[in-house]
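Heads up: the structure comes next, in C-alpha coordinates.
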2 protein chains.
Amino acid sequence: MSVHLLQTATSVLLKDPTASLSDVARAAGVGRTTLHNRFPTRAALVRAVASDALDLIYSVARQVDFDADGALEDLVTRLVALGPRVEFLLRFPGLERDEELAARIREMDRPVLDLITRLQGTTLRRDLPAWWILQTLYAGLFNAWEAISDGRLAPLDAPRFVLTTVFEGVAGAGATDRA
Amino acid sequence: MSVHLLQTATSVLLKDPTASLSDVARAAGVGRTTLHNRFPTRAALVRAVASDALDLIYSVARQVDFDADGALEDLVTRLVALGPRVEFLLRFPGLERDEELAARIREMDRPVLDLITRLQGTTLRRDLPAWWILQTLYAGLFNAWEAISDGRLAPLDAPRFVLTTVFEGVAGAGATDRA
DNA sequence: ACCGTTGTGAACATGAGTGTTCACCTGCTG
DNA sequence: CAGCAGGTGAACACTCATGTTCACAACGGT
(Lines give C-alpha, C1' and ligand atoms only; values in the text may rest on other atoms or scores of the structure.)
Protein backbone atom coordinates (compact mmCIF):
# COMPACT_ATOMS: atom_id res chain seq x y z
CA MET A 1 0.00 0.00 0.00
CA SER A 2 2.57 2.52 1.12
CA VAL A 3 4.69 1.40 -1.79
CA HIS A 4 1.93 2.14 -4.21
CA LEU A 5 1.49 5.51 -2.57
CA LEU A 6 5.08 6.49 -3.30
CA GLN A 7 4.80 5.20 -6.84
CA THR A 8 1.71 7.30 -7.43
CA ALA A 9 3.37 10.31 -5.84
CA THR A 10 6.32 9.85 -8.18
CA SER A 11 4.14 9.97 -11.27
CA VAL A 12 1.97 12.85 -10.12
CA LEU A 13 4.85 15.02 -8.96
CA LEU A 14 6.83 14.27 -12.09
CA LYS A 15 3.98 15.22 -14.38
CA ASP A 16 3.39 18.43 -12.43
CA PRO A 17 5.97 19.40 -9.80
CA THR A 18 3.56 22.00 -8.41
CA ALA A 19 0.78 19.50 -7.78
CA SER A 20 -0.81 20.05 -4.39
CA LEU A 21 -0.80 17.42 -1.68
CA SER A 22 -4.54 17.11 -2.19
CA ASP A 23 -3.85 16.09 -5.77
CA VAL A 24 -1.33 13.49 -4.68
CA ALA A 25 -3.66 12.11 -2.03
CA ARG A 26 -6.59 11.95 -4.43
CA ALA A 27 -4.50 10.26 -7.13
CA ALA A 28 -3.39 7.67 -4.59
CA GLY A 29 -6.98 7.11 -3.49
CA VAL A 30 -6.21 8.15 0.05
CA GLY A 31 -7.28 10.95 2.36
CA ARG A 32 -5.17 14.03 2.71
CA THR A 33 -5.00 13.45 6.46
CA THR A 34 -3.54 9.99 5.92
CA LEU A 35 -0.93 11.44 3.62
CA HIS A 36 0.03 13.92 6.33
CA ASN A 37 0.20 11.13 8.87
CA ARG A 38 2.68 9.21 6.75
CA PHE A 39 4.70 12.21 5.59
CA PRO A 40 4.32 15.19 7.93
CA THR A 41 5.41 17.79 5.38
CA ARG A 42 5.66 18.15 1.65
CA ALA A 43 9.42 18.12 1.90
CA ALA A 44 9.24 14.82 3.78
CA LEU A 45 7.11 13.31 1.03
CA VAL A 46 9.52 14.42 -1.66
CA ARG A 47 12.43 13.06 0.33
CA ALA A 48 10.63 9.76 0.80
CA VAL A 49 9.92 9.47 -2.90
CA ALA A 50 13.53 10.19 -3.74
CA SER A 51 14.81 7.83 -1.09
CA ASP A 52 12.54 5.08 -2.32
CA ALA A 53 13.80 5.61 -5.86
CA LEU A 54 17.37 5.34 -4.62
CA ASP A 55 16.57 2.10 -2.82
CA LEU A 56 15.05 0.64 -5.96
CA ILE A 57 18.02 1.64 -8.06
CA TYR A 58 20.45 0.16 -5.61
CA SER A 59 18.53 -3.10 -5.48
CA VAL A 60 18.66 -3.21 -9.27
CA ALA A 61 22.32 -2.27 -9.43
CA ARG A 62 23.19 -5.04 -7.01
CA GLN A 63 21.93 -7.59 -9.51
CA VAL A 64 24.32 -6.39 -12.19
CA ASP A 65 27.78 -7.92 -12.50
CA PHE A 66 29.84 -4.83 -13.23
CA ASP A 67 32.76 -6.95 -14.35
CA ALA A 68 30.89 -9.06 -16.87
CA ASP A 69 30.72 -8.42 -20.58
CA GLY A 70 27.68 -6.35 -21.46
CA ALA A 71 27.41 -4.95 -17.94
CA LEU A 72 26.32 -1.59 -19.24
CA GLU A 73 23.71 -3.15 -21.49
CA ASP A 74 22.43 -5.18 -18.58
CA LEU A 75 22.25 -2.13 -16.35
CA VAL A 76 20.44 -0.04 -18.94
CA THR A 77 17.90 -2.75 -19.58
CA ARG A 78 17.13 -3.03 -15.90
CA LEU A 79 16.94 0.72 -15.40
CA VAL A 80 14.47 1.10 -18.24
CA ALA A 81 12.11 -1.10 -16.27
CA LEU A 82 12.34 1.25 -13.30
CA GLY A 83 10.43 3.83 -15.25
CA PRO A 84 10.03 7.28 -13.76
CA ARG A 85 11.97 6.65 -10.55
CA VAL A 86 15.38 7.61 -11.93
CA GLU A 87 13.88 10.51 -13.80
CA PHE A 88 12.49 11.82 -10.54
CA LEU A 89 15.90 11.63 -8.95
CA LEU A 90 17.66 13.48 -11.71
CA ARG A 91 15.03 15.96 -12.79
CA PHE A 92 12.84 16.91 -9.85
CA PRO A 93 13.41 20.59 -9.13
CA GLY A 94 15.15 21.47 -5.90
CA LEU A 95 16.17 17.92 -5.09
CA GLU A 96 19.82 18.83 -5.41
CA ARG A 97 19.48 21.27 -2.54
CA ASP A 98 19.10 18.40 -0.06
CA GLU A 99 22.76 17.69 0.49
CA GLU A 100 22.20 14.19 1.86
CA LEU A 101 20.16 13.17 -1.17
CA ALA A 102 22.61 14.81 -3.52
CA ALA A 103 25.40 12.80 -1.94
CA ARG A 104 23.51 9.53 -2.34
CA ILE A 105 22.86 10.36 -5.98
CA ARG A 106 26.52 11.03 -6.63
CA GLU A 107 27.32 7.79 -4.88
CA MET A 108 24.87 6.05 -7.20
CA ASP A 109 26.65 7.45 -10.24
CA ARG A 110 30.16 6.58 -9.13
CA PRO A 111 30.30 2.84 -9.93
CA VAL A 112 28.71 3.50 -13.31
CA LEU A 113 31.24 6.20 -14.05
CA ASP A 114 34.00 3.79 -13.08
CA LEU A 115 32.58 1.16 -15.37
CA ILE A 116 32.37 3.62 -18.24
CA THR A 117 35.94 4.76 -17.66
CA ARG A 118 37.10 1.15 -17.70
CA LEU A 119 35.17 0.40 -20.88
CA GLN A 120 36.72 3.41 -22.57
CA GLY A 121 39.80 1.22 -22.83
CA THR A 122 37.88 -1.24 -24.99
CA THR A 123 34.35 -0.78 -26.28
CA LEU A 124 33.63 2.89 -25.59
CA ARG A 125 34.91 6.00 -27.34
CA ARG A 126 37.88 7.61 -25.72
CA ASP A 127 37.28 11.06 -27.18
CA LEU A 128 34.34 11.79 -24.90
CA PRO A 129 34.46 12.33 -21.12
CA ALA A 130 32.95 9.59 -19.00
CA TRP A 131 30.43 11.97 -17.42
CA TRP A 132 29.17 12.89 -20.87
CA ILE A 133 28.61 9.26 -21.73
CA LEU A 134 26.75 8.78 -18.46
CA GLN A 135 24.50 11.74 -19.18
CA THR A 136 23.86 10.35 -22.63
CA LEU A 137 22.75 7.08 -21.07
CA TYR A 138 20.35 8.89 -18.77
CA ALA A 139 19.03 10.95 -21.64
CA GLY A 140 18.27 7.78 -23.56
CA LEU A 141 16.35 6.44 -20.59
CA PHE A 142 14.35 9.65 -20.29
CA ASN A 143 13.45 9.50 -23.95
CA ALA A 144 12.18 5.99 -23.58
CA TRP A 145 10.10 6.70 -20.47
CA GLU A 146 8.58 9.79 -21.96
CA ALA A 147 7.68 7.93 -25.13
CA ILE A 148 6.22 5.04 -23.14
CA SER A 149 4.07 7.27 -20.97
CA ASP A 150 2.85 9.03 -24.11
CA GLY A 151 1.91 5.62 -25.47
CA ARG A 152 4.21 6.01 -28.48
CA LEU A 153 6.69 3.31 -27.50
CA ALA A 154 6.05 -0.26 -26.46
CA PRO A 155 7.80 -0.99 -23.15
CA LEU A 156 9.37 -4.12 -24.61
CA ASP A 157 10.91 -2.11 -27.44
CA ALA A 158 12.44 0.40 -25.07
CA PRO A 159 15.70 -1.34 -24.09
CA ARG A 160 16.61 -2.04 -27.70
CA PHE A 161 15.85 1.55 -28.75
CA VAL A 162 17.91 3.00 -25.94
CA LEU A 163 20.88 0.68 -26.40
CA THR A 164 20.97 1.02 -30.16
CA THR A 165 20.68 4.78 -30.13
CA VAL A 166 23.10 5.46 -27.32
CA PHE A 167 25.79 3.06 -28.47
CA GLU A 168 25.56 3.24 -32.24
CA GLY A 169 23.84 6.57 -32.81
CA VAL A 170 21.15 7.44 -35.29
CA ALA A 171 23.34 7.59 -38.37
CA GLY A 172 22.99 4.87 -40.98
CA ALA A 173 25.58 2.08 -41.04
CA GLY A 174 27.88 3.48 -43.69
CA ALA A 175 27.29 7.13 -42.91
CA THR A 176 29.62 7.77 -40.02
CA ASP A 177 31.65 10.22 -42.10
CA ARG A 178 30.05 13.52 -41.30
CA ALA A 179 31.60 16.86 -42.22
CA MET B 1 15.92 45.44 -21.93
CA SER B 2 12.71 43.55 -22.31
CA VAL B 3 14.63 40.94 -24.25
CA HIS B 4 17.05 40.50 -21.42
CA LEU B 5 14.12 40.23 -19.05
CA LEU B 6 12.68 37.25 -20.91
CA GLN B 7 16.10 35.65 -21.13
CA THR B 8 16.53 35.97 -17.38
CA ALA B 9 13.03 34.67 -16.76
CA THR B 10 13.83 31.65 -18.93
CA SER B 11 16.87 30.76 -16.86
CA VAL B 12 15.24 31.37 -13.49
CA LEU B 13 12.05 29.48 -14.28
CA LEU B 14 13.99 26.63 -15.82
CA LYS B 15 16.21 26.25 -12.79
CA ASP B 16 13.21 26.35 -10.46
CA PRO B 17 9.75 26.19 -12.04
CA THR B 18 8.22 27.23 -8.72
CA ALA B 19 10.23 30.42 -8.44
CA SER B 20 8.09 33.34 -7.37
CA LEU B 21 7.61 36.42 -9.52
CA SER B 22 9.62 38.33 -6.94
CA ASP B 23 12.52 36.00 -7.63
CA VAL B 24 12.22 36.56 -11.36
CA ALA B 25 12.00 40.32 -10.95
CA ARG B 26 14.96 40.44 -8.62
CA ALA B 27 17.06 38.24 -10.91
CA ALA B 28 16.26 40.55 -13.79
CA GLY B 29 17.18 43.60 -11.72
CA VAL B 30 13.72 45.04 -12.03
CA GLY B 31 10.85 45.87 -9.69
CA ARG B 32 8.05 43.44 -9.19
CA THR B 33 5.58 46.13 -10.21
CA THR B 34 7.36 46.60 -13.51
CA LEU B 35 7.19 42.89 -14.15
CA HIS B 36 3.46 42.97 -13.55
CA ASN B 37 3.10 45.93 -15.88
CA ARG B 38 4.76 44.03 -18.70
CA PHE B 39 3.12 40.68 -17.98
CA PRO B 40 -0.11 41.03 -16.00
CA THR B 41 -0.16 37.46 -14.71
CA ARG B 42 2.26 34.64 -14.16
CA ALA B 43 0.64 32.72 -17.00
CA ALA B 44 1.20 35.68 -19.29
CA LEU B 45 4.88 35.74 -18.40
CA VAL B 46 5.27 32.05 -19.07
CA ARG B 47 3.46 32.41 -22.36
CA ALA B 48 5.68 35.33 -23.32
CA VAL B 49 8.83 33.37 -22.50
CA ALA B 50 7.62 30.43 -24.57
CA SER B 51 6.54 32.63 -27.41
CA ASP B 52 9.87 34.40 -27.44
CA ALA B 53 11.65 31.06 -27.53
CA LEU B 54 9.53 30.01 -30.48
CA ASP B 55 10.35 33.23 -32.30
CA LEU B 56 14.06 32.70 -31.75
CA ILE B 57 13.88 29.12 -32.98
CA TYR B 58 11.99 30.11 -36.08
CA SER B 59 14.48 32.84 -36.86
CA VAL B 60 17.25 30.28 -36.53
CA ALA B 61 15.44 27.65 -38.56
CA ARG B 62 14.90 30.13 -41.37
CA GLN B 63 18.67 30.38 -41.81
CA VAL B 64 19.01 26.67 -42.40
CA ASP B 65 18.79 25.24 -45.89
CA PHE B 66 16.80 22.09 -45.24
CA ASP B 67 17.69 20.71 -48.65
CA ALA B 68 21.44 21.09 -48.33
CA ASP B 69 23.85 18.38 -47.27
CA GLY B 70 24.47 18.52 -43.54
CA ALA B 71 21.22 20.36 -42.90
CA LEU B 72 20.68 18.48 -39.66
CA GLU B 73 24.21 19.21 -38.49
CA ASP B 74 23.74 22.87 -39.32
CA LEU B 75 20.44 23.00 -37.46
CA VAL B 76 21.83 21.29 -34.37
CA THR B 77 24.81 23.60 -34.24
CA ARG B 78 22.58 26.64 -34.39
CA LEU B 79 20.17 25.28 -31.79
CA VAL B 80 22.97 24.60 -29.35
CA ALA B 81 23.68 28.31 -29.38
CA LEU B 82 20.09 29.04 -28.39
CA GLY B 83 20.80 27.58 -25.00
CA PRO B 84 17.91 27.10 -22.61
CA ARG B 85 15.17 28.46 -24.86
CA VAL B 86 14.32 25.15 -26.53
CA GLU B 87 14.63 23.35 -23.24
CA PHE B 88 12.04 25.69 -21.78
CA LEU B 89 9.66 24.91 -24.61
CA LEU B 90 9.96 21.17 -24.28
CA ARG B 91 10.36 20.75 -20.56
CA PHE B 92 8.52 23.50 -18.70
CA PRO B 93 5.69 21.89 -16.76
CA GLY B 94 2.17 22.65 -17.87
CA LEU B 95 3.21 24.34 -21.10
CA GLU B 96 1.52 21.63 -23.10
CA ARG B 97 -1.83 22.59 -21.60
CA ASP B 98 -1.87 25.82 -23.59
CA GLU B 99 -3.29 24.48 -26.82
CA GLU B 100 -2.07 27.39 -28.93
CA LEU B 101 1.50 26.99 -27.72
CA ALA B 102 1.33 23.23 -28.12
CA ALA B 103 0.23 23.69 -31.72
CA ARG B 104 3.11 26.07 -32.46
CA ILE B 105 5.54 23.59 -30.94
CA ARG B 106 4.23 20.78 -33.07
CA GLU B 107 4.49 23.06 -36.07
CA MET B 108 8.10 23.74 -35.13
CA ASP B 109 8.84 20.01 -35.08
CA ARG B 110 7.20 19.19 -38.39
CA PRO B 111 9.84 20.37 -40.88
CA VAL B 112 12.54 18.69 -38.82
CA LEU B 113 10.58 15.46 -38.74
CA ASP B 114 10.18 15.71 -42.52
CA LEU B 115 13.89 16.25 -42.92
CA ILE B 116 14.65 13.25 -40.72
CA THR B 117 12.24 11.07 -42.63
CA ARG B 118 13.87 12.12 -45.89
CA LEU B 119 17.36 11.44 -44.55
CA GLN B 120 16.29 7.99 -43.45
CA GLY B 121 16.52 7.14 -47.11
CA THR B 122 20.23 7.95 -47.08
CA THR B 123 22.28 8.86 -44.00
CA LEU B 124 19.97 7.97 -41.11
CA ARG B 125 18.99 4.59 -39.70
CA ARG B 126 15.76 3.23 -41.03
CA ASP B 127 15.10 0.93 -38.08
CA LEU B 128 14.14 3.77 -35.74
CA PRO B 129 11.03 5.97 -35.99
CA ALA B 130 11.60 9.56 -37.03
CA TRP B 131 10.08 10.90 -33.82
CA TRP B 132 12.56 8.87 -31.80
CA ILE B 133 15.46 10.35 -33.71
CA LEU B 134 14.05 13.82 -33.13
CA GLN B 135 13.76 13.19 -29.40
CA THR B 136 17.32 11.91 -29.39
CA LEU B 137 18.47 15.13 -30.99
CA TYR B 138 16.68 17.19 -28.36
CA ALA B 139 18.12 15.02 -25.61
CA GLY B 140 21.61 15.69 -26.92
CA LEU B 141 20.94 19.41 -26.84
CA PHE B 142 19.67 19.20 -23.25
CA ASN B 143 22.74 17.35 -22.20
CA ALA B 144 24.96 19.98 -23.68
CA TRP B 145 23.09 22.90 -22.11
CA GLU B 146 23.01 21.28 -18.72
CA ALA B 147 26.72 20.57 -18.89
CA ILE B 148 27.46 24.09 -20.03
CA SER B 149 25.44 25.72 -17.28
CA ASP B 150 27.20 23.46 -14.78
CA GLY B 151 30.48 24.71 -16.19
CA ARG B 152 31.58 21.21 -17.17
CA LEU B 153 31.45 21.74 -20.92
CA ALA B 154 32.97 24.52 -23.00
CA PRO B 155 30.31 26.10 -25.21
CA LEU B 156 32.53 25.74 -28.25
CA ASP B 157 32.87 22.01 -27.64
CA ALA B 158 29.12 21.52 -27.40
CA PRO B 159 28.15 21.16 -31.09
CA ARG B 160 30.84 18.58 -31.70
CA PHE B 161 29.85 16.58 -28.62
CA VAL B 162 26.18 16.58 -29.52
CA LEU B 163 26.70 15.72 -33.19
CA THR B 164 29.23 12.98 -32.49
CA THR B 165 27.17 11.36 -29.77
CA VAL B 166 23.81 11.55 -31.47
CA PHE B 167 24.98 10.41 -34.88
CA GLU B 168 27.71 7.94 -34.06
CA GLY B 169 26.90 6.92 -30.51
CA VAL B 170 29.24 6.37 -27.61
CA ALA B 171 30.57 2.99 -28.69
CA GLY B 172 34.17 2.76 -29.89
CA ALA B 173 34.80 2.59 -33.62
CA GLY B 174 35.04 -1.16 -34.01
CA ALA B 175 32.60 -2.06 -31.25
CA THR B 176 29.26 -1.74 -32.94
CA ASP B 177 28.63 -5.47 -32.49
CA ARG B 178 26.79 -5.60 -29.23
CA ALA B 179 24.99 -8.67 -28.00
C1' DA C 1 10.24 74.80 -16.62
C1' DC C 2 6.22 71.66 -17.73
C1' DC C 3 4.34 67.23 -18.64
C1' DG C 4 3.77 62.49 -20.09
C1' DT C 5 6.05 58.21 -19.82
C1' DT C 6 8.12 54.66 -17.27
C1' DG C 7 9.96 52.42 -13.34
C1' DT C 8 9.75 51.88 -8.39
C1' DG C 9 8.56 50.68 -3.51
C1' DA C 10 4.89 50.28 -0.16
C1' DA C 11 0.69 48.71 1.16
C1' DC C 12 -3.33 45.98 0.77
C1' DA C 13 -6.83 42.22 -0.33
C1' DT C 14 -7.31 37.76 -2.00
C1' DG C 15 -6.79 32.94 -2.76
C1' DA C 16 -4.51 28.57 -2.46
C1' DG C 17 -1.58 25.27 -0.30
C1' DT C 18 -0.19 23.73 4.04
C1' DG C 19 -0.08 21.83 8.60
C1' DT C 20 -2.88 20.86 12.70
C1' DT C 21 -6.63 19.25 15.50
C1' DC C 22 -10.72 16.70 16.35
C1' DA C 23 -14.66 13.79 16.11
C1' DC C 24 -16.20 9.82 13.71
C1' DC C 25 -16.10 5.42 11.49
C1' DT C 26 -14.23 0.97 10.30
C1' DG C 27 -12.00 -3.46 11.12
C1' DC C 28 -9.43 -6.38 14.01
C1' DT C 29 -7.91 -8.52 18.39
C1' DG C 30 -8.26 -10.05 23.01
C1' DC D 1 -18.39 -7.27 23.63
C1' DA D 2 -14.75 -3.99 24.76
C1' DG D 3 -10.83 -1.80 23.25
C1' DC D 4 -7.64 -0.21 20.01
C1' DA D 5 -5.30 1.09 15.80
C1' DG D 6 -5.65 3.19 11.52
C1' DG D 7 -8.14 5.89 8.07
C1' DT D 8 -11.18 9.70 7.06
C1' DG D 9 -13.56 14.22 6.38
C1' DA D 10 -14.40 18.76 8.37
C1' DA D 11 -12.81 22.70 10.19
C1' DC D 12 -9.31 25.86 11.53
C1' DA D 13 -5.19 29.11 11.52
C1' DC D 14 -1.22 30.30 9.05
C1' DT D 15 1.89 31.38 5.45
C1' DC D 16 2.99 33.00 1.03
C1' DA D 17 2.52 34.01 -3.94
C1' DT D 18 -0.29 36.83 -6.41
C1' DG D 19 -2.58 40.71 -8.36
C1' DT D 20 -3.96 45.50 -7.59
C1' DT D 21 -3.67 50.27 -6.34
C1' DC D 22 -1.24 54.39 -5.28
C1' DA D 23 2.04 57.92 -4.53
C1' DC D 24 6.61 59.20 -5.75
C1' DA D 25 11.05 59.64 -8.38
C1' DA D 26 13.67 59.75 -12.80
C1' DC D 27 13.89 60.84 -17.41
C1' DG D 28 13.14 62.89 -22.11
C1' DG D 29 10.78 65.77 -25.19
C1' DT D 30 8.38 70.13 -25.94
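Owing to the predicted nature of the structure, the values given are computational and were not obtained by experimental measurement.
Within 4.0 Å of A:S20, counting heavy atoms only, lie sugar-phosphate atoms of the nucleic acid but no base atom.
For B:R42, whose side chain is taken as the heavy atoms from C-beta onward, the closest listed nucleotide among C:dG19, D:dG19, C:dT8 is D:dG19.
One finds no salt bridge joining A:E96 and A:R106 here, because no Lys/Arg side-chain nitrogen approaches an Asp/Glu carboxylate oxygen to under 4.0 Å. B:D74 has a carboxylate O that lies under 4.0 Å from a charged side-chain N of B:R78, or vice versa, which qualifies the two as a salt bridge.
Position along DNA chain C of the nearest nucleotide to A:T33 versus A:T18 favours A:T18 as the more 5'-ward residue. Comparing B:N37 and A:L35 by the nucleotide of DNA chain D that holds the closest heavy atom to each, the one mapping nearer the 5' end is A:L35.
What separates CG of B:L21 from P of C:dT14 is a distance of 20 Å, to the nearest Å. Rounded to an integer number of Å, the gap from B:R26 CZ to C:dG9 C1' is 14 Å. In this structure, B:F39 atom CZ and D:dT20 atom P are separated by 15 Å, rounded to whole Å. Between the CZ atom of A:R38 and the C1' atom of D:dG6 there is a distance of 9 Å, rounded to whole Å. Rounded to an integer number of Å, the gap from CG of B:L13 to P of D:dA17 is 14 Å. In this structure, NE2 of B:H36 is placed 12 Å from P of D:dT21, rounded to the nearest angstrom.
Grouping the Ile, Leu, Val, Met, Phe, Trp and Tyr side chains by contacts below 4.5 angstrom, directly or via other members, places A:V30 apart from A:F39.
Within the 4.0 Å cut-off from OP1 or OP2 of C:dT8, at least one side-chain nitrogen or oxygen of B:T34 is found. Distances shown here put every side-chain N or O of B:R32 at or beyond 4.0 Å from the OP1 or OP2 atom of D:dG19.
Of all heavy-atom pairs spanning B:W131 and A:R152, the tightest one is CZ2-O, 3.6 Å.
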